[in-house]
Amino acid sequence: MSQSCRIPQHVAIIMDGNGRWAKARGLPRLDGHRAGAENLRRVIGAFAQRGVKYLTLYAFSTENWGRPQLEVRGLLKLLASSIRREAKELDREGVRLMHLGKLDELTPSLQKQVKEALEMTEGNAGITVSVAFNYGGRAEILEAVRHLLSDGVKAEALDDATFSRYLYTAGLPDPDLIIRTGGEMRLSNFLLWQAAYSEYYVTPTYWPDFDEAEVEDALEAYSQRNRRFGGLEPR
Ligand code: IPE
Ligand code: IPE
Ligand code: MG
C-alpha cells in the first residue's frame, strides 16, 4: 500500500472545546457537552467506515473533577444517558466498547451500567471504541507500577511489553494518530506512555462541530506524514 493511502489502525481523540462551542452560542456549558455527546455516533461511524480498527475517546480526565460541581454532575449524567441511548445501537453495529480509567470512583449504578455495556459488546468484531472516562495518564502509570510491584515482577523482567500489559490499554496497539479538537497543543495527561510515537493533529474546530469532513481532513493529514520511529527511513 502506498504511503498516501495509509489508514491509521488506532486513532485517539482529545474531544475538547464543548464549553467554548456553547459560549459562542450564548448557551450554558452543559449544552456544549450535550452537543458533544450527540456527536459521538457520527464520528465513530465515520472512522469505522474508513477502516480504523481502534478509536479511543478522551471524555473526562482525572483533573476534570476540579470543575464546578454542577458541571461534573452534568458530565456524569451525560455518560449514563449516552450509554442508555447508544449502547444497544453500537452493539447492533458490531462495535466493541472498552473503558479506560478508574471505574471504582464512579457511583455503583454508573459502574454497573458501564460494565453491562462492556459485557454486552465484548464479543463484537467491529471497531473497538475505548472511552477514557476518569482517565489520567499519570494515574494509569502509577497504578501499573503498584500492580507490578504487588505481583513481584522482577526488575530484570520489566520491559516495554510487560509494562504495557499493566496499563488500562493492555491488548490495544499504541495510537497511530492523536487528534485534538479546540486548538490547544497539549496532551492534558492523555496516553502519556502510549503516545511515544503517535502523530499529532490539532484542529481549531470545537468537538461538537467535528464532522465527517473533519475526519477526512485528519486522515488525509496523517497519510502525508513520515513516521520514522527514531530511524532514518519512513515506516
Ligand atoms: C471538553 O470540553 C470536554 C471535557 C473536558 C469534559 P471542555 O469542557 O474542556 O470545553 P472548553 O475547553 O472549555 O471549551
Ligand atoms: C482535556 O480537556 C480532557 C478531555 C477532553 C476530557 P481539558 O479541557 O480538561 O484540558 P485542559 O484543561 O485545557 O488542558
Ligand atoms: Mg477544554
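Just so you know, ligand 1 is whichever comes first in the structure, and atom 1 is the first atom listed for that ligand. Remember, it's a predicted structure, so these values are computed and weren't measured experimentally. FYI, the numbering just counts along the sequence from 1.
Under the 4.0 Å criterion applied to side-chain N and carboxylate O atoms, Glu89 and Arg92 are assigned as salt-bridge partners. Ion pair Glu116/Lys112 flagged as a salt bridge, since at least one NZ, NE, NH1 or NH2 atom sits closer than 4.0 Å to an Asp/Glu carboxylate oxygen. The residues Arg50 and Glu216 are annotated as salt-bridged, a charged nitrogen and a carboxylate oxygen being separated by less than 4.0 angstrom.
For ligand 2, the atoms lying closer than 4.0 Å to a non-hydrogen atom of Phe60 are 6 (C). The Arg29 neighbourhood of ligand 1 comprises atoms 7 (P), 8 (O), 10 (O), 13 (O), with distances under 4.0 Å to a heavy atom of that residue.
For the pair Arg186 and ligand 2, a heavy-atom separation below 4.0 Å is found. Using a 4.0 angstrom heavy-atom cutoff, Gly17 counts as in contact with ligand 1. Put simply, no part of Ser61 is less than 4.0 Å from ligand 1, judged by heavy atoms.
Within the 4.0 Å heavy-atom criterion, neither part of Lys23 lies near ligand 1. Here Phe190 has no heavy atoms under 4.0 Å from ligand 2, in either its backbone or its side chain. Using a 4.0 Å cut-off between heavy atoms, Arg20 makes no contact with ligand 2 at all. If you look at His33 next to ligand 1, the close heavy atoms, those under 4.0 Å, all belong to the side chain.
The protein atom (non-hydrogen) at minimum distance from atom 10 (O) of ligand 1 is Gly19 N, 2.9 Å. Atom 3 (C) of ligand 2 has its closest protein heavy atom at Tyr58 CE2, 3.7 Å. Of the protein's heavy atoms, Arg67 NH2, 3.3 Å lies nearest to atom 5 (C) of ligand 1. Nearest non-hydrogen protein atom to atom 14 (O) of ligand 2 is Ser188 OG, 2.6 Å. Nearest protein neighbour of atom 1 (C) of ligand 1, counting heavy atoms only, is Met15 O, 3.1 Å. The nearest protein atom to atom 9 (O) of ligand 2, hydrogens excluded, is given as Asn64 ND2, 3.0 Å; this is a heavy-atom distance. At the top of the distance list for atom 6 (C) of ligand 1, counting protein heavy atoms only, stands Ala59 O, 3.4 Å.
With a cut-off of 2.8 Å, the Mg ion (ligand 3) has no N, O or S atom of Glu184 in range.
The number of heavy atoms from other shown groups lying within 6.0 Å of CD (Glu233) does not exceed 12.
Side-chain N/O atoms of Arg180 and Ser188 include a donor and acceptor closer than 3.5 Å. Defined by atom type and a distance below 3.5 Å, a donor-acceptor pair is present between the side-chain atoms of Tyr222 and Arg227. Between the side chains of Gln224 and Glu199, no donor-acceptor pair of N or O atoms lies under 3.5 Å.
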| task | Starting from the C-alpha separation in whole Å, work towards a yes-or-no answer on side chain to side chain contact (heavy atoms under 4.5 Å, CB included) for Val153 and His147. | result | CA-CA 9 Å; Val153 175; His147 284 153; over 6 Å; no
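How far CG of Leu57 is from CZ of Phe190: 7.5 Å, rounded to the nearest 0.5 Å. Between the CD1 atom in Ile141 and the OH atom in Tyr168 there is a gap of 10.5 Å [rounded to 0.5 Å]. Atom CD1 of residue Ile14 and atom CD1 of residue Ile179 lie 10.0 Å apart, to the nearest 0.5 angstrom.
In terms of polar-atom proximity, defined here as any N/O pair under 3.5 Å, Asp16 does make such a contact with ligand 1.
Between Tyr135 and Tyr58, the ring-plane angle classifies as perpendicular under the 30° and 60° cut-offs.
The atom of Asp16 that is an N, O or S and sits closest to the Mg ion (ligand 3) is OD1.
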